[in-house]
Amino acid sequence: MAAPTWVAVPDDSPFGVHNLPYGVFTTADRPHERRIGVAVGEYVLDAGAVAATDGDLAAATAALLSAPSLNPLLAAGRPAWTAVRALLTGWLTDPAHRPAVEPHLLPRAAVTLHLPIEVADYVDFYASEHHATNVGRIFRPDGAALPPNWKHLPIGYHGRSGTVVVSGTPVVRPSGQRRAPGEAVPDFGPTRRLDVEAEIGFVVGGPTAQGTPVPLAGAEDHVFGVCLVNDWSARDIQAWEYVPLGPFLGKSFATSVSPWVVPLDALAAARVAPPARDAALLPYLDDQDGSAPPRGLDIALEMWLRGEVVSRPPFATMYWTYGQMLAHMTVNGASLRAGDLFASGTVSGPERAQRGALIELTWNGEEPLVLADGTERTYLEDGDEVVITATAPGPDGTRIGFGEVAGRVVAAPPQG
Ligand code: CA
């Protein structure tokens with residue numbers, strides 16, 4: 001049972017004291033001073049400001065909360081994450097702290113949110129069987145939908161960390177090589193098939209030394225929290241370039257993330273068993289021995305296009321878990337750094353209305369979406385806004401909110 005808070009927060013708030021997601025914000029009067037904030041109800045707690053007033057707090061702990069990004073906290077590792085969450089919970093639930101803490105609760109609507117982490121390495125997986133099957137049928141109609149490796153390892157690729165942007169950042173339509181159907185050679189120009197991918201992202205901390213794999217059992221020591229990801233994708237550029245080395249310019253122009261990072265510790269009530277495994281897994285990926293809490297997560301996503309819900313992807317259907325993704329990503333000895341981000345890949349469920357990308361929702365444009373205002377969409381047009389939101393079960397019937405990741409498409413600049 002979560003302790004009651006003295007902050008005015010409705011019981012059904014997705015940002016109750018059981019959640020306490022971390023972000024980075026500025027205020028209008030101090031626009032260049034990035035500060036760590038914690039969302040609670042309609043407020044942001046200026047965590048560094050409170051830390052500065054708490055004479056009992058170790059200087060090292062105060063420093064973690066006074067940084068301009070979450071990276072020092074990420075670097076500090078699991079024991080620090082647990083201690084800081086307990087500290088924040090105490091500030092917001094013990095009435096004795098109220099006089100010192102309350103002046104540092106700011107209206108959430110009045111702050112500007114920024115990228116919460118300095119993204120170190122970025123990896124994107126392909127962990128939904130429904131998504132991989134749909135895309136396989138579209139791109140390779142005469143072959144097997146899933147490649148032979150799919151149920152033996154979580155497929156992924158290294159993305160471009162420098163183009164990860166915070167929710168609200170406009171996305172300029174990228175240009176590149178496109179080969180039209182039936183043509184032998186490509187032309188160049190703005191993508192005609194700009195798409196979205198609704199994903200869940202995992203924020204990593206607790207650096208490791210190169211040469212040291214992280215076993216499944218170590219996942220909770222290195223996954224700090226969870227955010228929303230929109231992996232913008234230019235399908236025509238992607239289709240022409242991806243053989244044989246995988247995604248490149250069709251993906252690297254922009255990846256949007258939500259400003260709030262929900263602590264993994266807030267998601268205990270959202271844990272569910274992943275789907276049954278169809279193939280025997282090698283020991284480093286085998287999660288069937290019951291020695292740890294299940295690492296599937298019951299996160300319900302919604303994808304909005306031009307102000308209406310077009311899909312409700314269920315993360316609980318994902319085949320691979322965050323623990324398996326992390327174990328696979330490091331099994332060759334690749335090291336982890338504070339601020340690493342890995343994303344799940346598009347979240348798609350078995351139903352059409354649960355598909356997390358337009359390529360699946362419109363079957364590569366063959367079945368356009370008809371929106372409530374009568375307009376049709378195959379892929380995104382300039383001016384379209386996409387918003388992805390999500391919630392998960394919290395303790396005692398509460399809900400955990402993830403906020404949103406939003407982005408609007410801006411026309412490509414004139415071609416020179
Ligand atoms: Ca993706």
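The shown structure was predicted, so the numbers you read here are calculated from the model rather than taken from an experiment. Order of appearance sets the numbers: ligands from 1, and atoms from 1 within every ligand. Values below: every heavy atom of this structure, side chains too, minus hydrogens, waters and symmetry copies.
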> Less than 4.0 Å between a side-chain N and a carboxylate O, is that true for R306 and D373?
Replying inline: yes

>> Can you list everything that forms a ring-ring contact (aromatic ring centres under 6.0 Å, His included) with Y157? Sequence neighbours excluded, please.
In response: none

>> Any carboxylate oxygen within less than 4.0 angstrom of a Lys/Arg side-chain nitrogen, looking at R408 and D384?
In response: no

>> By the salt bridge (charged side-chain N to carboxylate O under 4.0 Å, His left out) test, which pairs, at least two apart or in different chains, include something from residues 240-264?
In response: E197-K251, D231-K251

>> V44 and side-chain contact (heavy atoms from CB on, under 4.5 Å): which single residue from V111, L105, T27 fits?
In response: V111

Which donor-acceptor pairs under 3.5 Å do the side chains of residues 269-277 make with protein atoms, sequence neighbours left out?
residue	atom	partner	partner atom	Å
R271	NH1	P294	O	3.1
R271	NH1	Y322	OH	2.9
R271	NH2	Y322	OH	2.9
R277	NH1	P275	O	3.4
R277	NH1	Y319	O	2.4
R277	NH2	D287	OD2	3.4
R277	NH2	Y319	O	2.7
R277	NH2	Q324	OE1	2.9

> Which protein N, O or S atoms lie under 3.0 Å from the Ca ion (ligand 1), given by chain and residue number?
Replying inline: D124 OD2, E197 OE1, E199 OE2, D231 OD2

